[in-house]
Number of protein chains: 2
Amino acid sequence: MPKARAAKEKLLDAALSLIREKGFSAMTVDDLCARAGVTKGAFFHYFKSKDELGVAAAEHWSAVTGALFERAPYHDAEDPLDRVLGYIEFRRALLRGDIPEFTCVVGTMVQETYGQYPQIRDACAASIFGHAGTLTDDIAEAMTKRGLVADWTAESLAAHSQAVLQGAFILAKAKNEVGVAIESVEHLRRYVELLFTHPSTVEKKQ
Amino acid sequence: MPKARAAKEKLLDAALSLIREKGFSAMTVDDLCARAGVTKGAFFHYFKSKDELGVAAAEHWSAVTGALFERAPYHDAEDPLDRVLGYIEFRRALLRGDIPEFTCVVGTMVQETYGQYPQIRDACAASIFGHAGTLTDDIAEAMTKRGLVADWTAESLAAHSQAVLQGAFILAKAKNEVGVAIESVEHLRRYVELLFTHPSTVEKKQ
DNA sequence: CCATACATACCAACTGGTTGGTATGTATGT
DNA sequence: ACATACATACCAACCAGTTGGTATGTATGG
């Protein structure tokens, strides 16, 4: 097999673009094949159905973004709060270019599929909350280190950060402009800073 | 005309449900007619195309939700910050029942249409930011009253609140459970409280 | 008061193009 | 020789939109 599996990965990459451009439902199998430069025979050789491609696209997205965030520099900070704030700054810096370039495949896809395709929904949930999980430890460590007494959990703040990002993408799509998304991420950063510096919740360690 | 316009309003109401259940693209004209109990002839009598129904559905959604929020009790509070926090609590209380009952028509629709149907996108933007606009004055008044020195605007905080809500809907759809959305709205409430009580930003008025 | 003229509100059947999916071919590497 | 990796050709169902029609208004003139 000379260039084996080329078609499958080209189809998956095409899916990541097309889902962000027009959504899962409006994306046709012909669209996918044209974008990938293959024929329908190739598509159905690798995927039993369009639904199955949806699941594979969510998993592919997890792999691609997982690698991106894994090698991001914010992990190098010594202070856990700096790592959390570094993550938010990293997300803010990603908000550039055209809308399909910075928006989220699984966030878009789950909106259309949650009621009709449980397998796609679960794959999207795994992607979103799996990514949120990479934040939880840093948040928890920051809470411990700063002696934070909180009525919220590290897990819920990690999930909230994903909510802000997903919502920011929606506002950007509605306004057809990235600025409103950037401002929302800056509110998220300010929130985290306030959480960890407000005297009512922080007990100074000596 | 005894029951004139009945078909049109039934079609618009059907659209609000169907868009939240399966999205705009996956919703067919036949779906709409079946749900509304009318025929395709009636549909195309009132709407030139499915796109045009999308625009009308966004406007209908603005009217329906506009009336809901206009008569909500949080406006009665004397203190502007209490009105803002009352709004957030009102939104939190709406997070009940099945997912299509509390999620947002225009937030869902704009994700699928922003690139292909500019008119629908603009109608969705008008709905989202029009609603955000009803918050801006209360936020601005609260800032003035508390002598808040901020590097953010009332408008951006109003928009951010919509981002949090839209993102919370996405997380709820992914998890197929409302709890995660509620927690995110509680983070939003906490953020607003911190913004207006943190000593670094508030100059006490005597 | 009423007949003519026309508009509005809707329906049932149909159409051409699109859709996801299949059946069958063929080239290539092992 | 045989499995893998595709391409070609095709189908049945479905899709948005059209057509031709009916039933019920409502405005106007005599």
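To find a chain, count down the sequence lines: A is the first, B the second, and so on, and within it residues start at 1. Note that the structure is a prediction, hence the values are computed from the model and not measured.
Taking the six-membered ring for Trp and thresholds of 30 and 60 degrees, B:H187 and A:Y191 have ring planes more than 60 degrees apart, a perpendicular arrangement.
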Please tabulate, one pair per line, all N/O donor-acceptor pairs under 3.5 Å involving side-chain atoms of residues 69-78 of chain A, not counting sequence neighbours.
from, atom 1, to, atom 2, distance (Å)
A:H75, NE2, A:F69, O, 2.8

Could you tabulate the donor-acceptor pairs under 3.5 Å formed by side-chain atoms of residues 98-106 of chain A, not counting sequence neighbours?
from, atom 1, to, atom 2, distance (Å)
A:T103, OG1, A:I99, O, 2.9

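Counting non-hydrogen atoms under 4.0 angstrom, B:T28 reaches the backbone sugars and phosphates but no base.
We find that NE2 of A:H45 is positioned 13 Å from P of D:dA3, with the value rounded to whole Å. Following rounding to the nearest Å, A:F24 (CZ) and C:dT19 (P) show an atom-to-atom distance of 14 Å.
Under 4.0 angstrom from either OP1 or OP2 of D:dT4 there lies no side-chain N or O belonging to A:Y46.
Across the strands present, C:dA23 finds its partner in D:dT8; the criterion is a Watson-Crick or G-U wobble pair with both atom distances under 3.5 angstrom.
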Any N/O pairs under 3.5 Å between the protein and nucleotides 17-23 of chain D? List them or say none.
from, atom 1, to, atom 2, distance (Å)
D:dG17, OP2, B:K50, N, 2.8
D:dG17, N7, B:K40, NZ, 3.4
D:dG17, O6, B:K40, NZ, 2.9

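Tested against A:S184, the residues B:Q162, B:Q166, B:H160 include a single side chain to side chain donor-acceptor pair (under 3.5 Å) partner, B:H160.
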Report task. Evaluate the side-chain contact (heavy atoms from CB on, under 4.5 Å) criterion for residues A:L18 and A:E21: first the C-alpha distance (whole Å), next the side-chain angles of each, then the deciding distance (0.1 Å), finally the verdict. Result -> CA-CA 5 Å; A:L18 283 166; A:E21 285 171 28; 4.1 Å; yes
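Annotation for B:Q116: atom CD counts as buried by contact number, over 12 foreign heavy atoms lying within 6.0 Å.
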